[in-house]
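Residue numbers count from 1 along this sequence.
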Amino acid sequence: MSTAPELPDLHIDERDDVVDDGEPSTTSRIVTAVITLVLGAVYGTVGTVAHTLTVTPFGILIPYGLILGLIGTLALLVGLRLVIAERLPSVAAGIGLVGTVALFSFSSPGGSILISQGLPGLIWLFGVPLIAAVVLAWPRVPQRSLVAERSA
């Protein structure tokens, strides 16, 4: 006889949301798409508000808000494409980004305008959809297999 305590037999319950082939479940895909849609909308909102920020060192006007907003947009979409194997989260984030920028391009009921018709506003207005289209249309880079890595 052993003095060790008896541990319960641990086994994985057969549930409907667990897929055995390593693919994410439908629920997981939907939740990921909703989260990335909201994340894209947040990026679009912050970028739209900040794209007019500038600094003038040594008499040179630098639109750092526009530059950081476009870099953030590119980083978000490329990061999602690299980390998540399917396109749905990237498409959802792109819809959130482009939809928010399009929404803020109109004047509000009070008459305020967040995206002006100057050069920074036009670059922001057309740059975000262009970045989204290029990143989403870019083909998936094939993953290297372990056998190819070991032989190299």
Let me see the working for Leu76 and Leu97 under side-chain contact (heavy atoms from CB on, under 4.5 Å), right down to the final yes or no.
CA-CA 10 Å; Leu76 171 68; Leu97 273 161; 4.1 Å; yes
If I compare all heavy atoms of [X] with all of [Y], which pair ends up nearest, and what's the gap?
| X | Y | result |
| --- | --- | --- |
| Ala33 | Ala92 | O-CB, 3.3 Å |
| Ile62 | Pro57 | CD1-CG, 3.9 Å |
| Val98 | Ala132 | CG2-CB, 4.2 Å |
| Thr73 | Tyr43 | N-CD2, 4.4 Å |
| Leu136 | Val91 | CD2-N, 3.7 Å |
| Thr100 | Gly44 | CG2-C, 3.7 Å |

In one Ile/Leu/Val/Met/Phe/Trp/Tyr side-chain cluster, 4.5 Å: [X], [Y]:
| X | Y | result |
| --- | --- | --- |
| Val46 | Leu70 | no |
| Ile67 | Leu61 | no |
| Leu80 | Val83 | yes |
| Ile84 | Ile35 | no |
| Val55 | Leu53 | yes |

[atom1] of [X] to [atom2] of [Y]: how many Å apart, nearest 0.5 Å?
| X | Y | atom1 | atom2 | answer |
| --- | --- | --- | --- | --- |
| Phe106 | Ile115 | CZ | CD1 | 10.0 Å |
| Tyr64 | Thr52 | OH | OG1 | 9.0 Å |
| Ser116 | Leu122 | OG | CG | 7.5 Å |
| Ser105 | Phe126 | OG | CZ | 9.0 Å |
| Phe104 | Thr45 | CZ | OG1 | 4.5 Å |

*asked:* Quick check against the 3.5 Å criterion: does Thr36 have a side-chain atom that pairs as donor or acceptor with the backbone of Thr32?
replied: yes
Discussion item. I'd like to know if the side chain of Arg29 and the backbone of Leu88 have a donor-acceptor N/O pair within less than 3.5 Å.
Written reply: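 Flag not set: sc Arg29 to bb Leu88 has no pair under 3.5 Å.
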task = Could you check His51 against Ile123 for side-chain contact (heavy atoms from CB on, under 4.5 Å), going step by step and ending with a plain yes or no?
result = CA-CA 9 Å; His51 84 278; Ile123 291 173; over 6 Å; no
The single option from Ile131, Val134, Val128 that satisfies side-chain contact (heavy atoms from CB on, under 4.5 Å) with Leu74 is Ile131
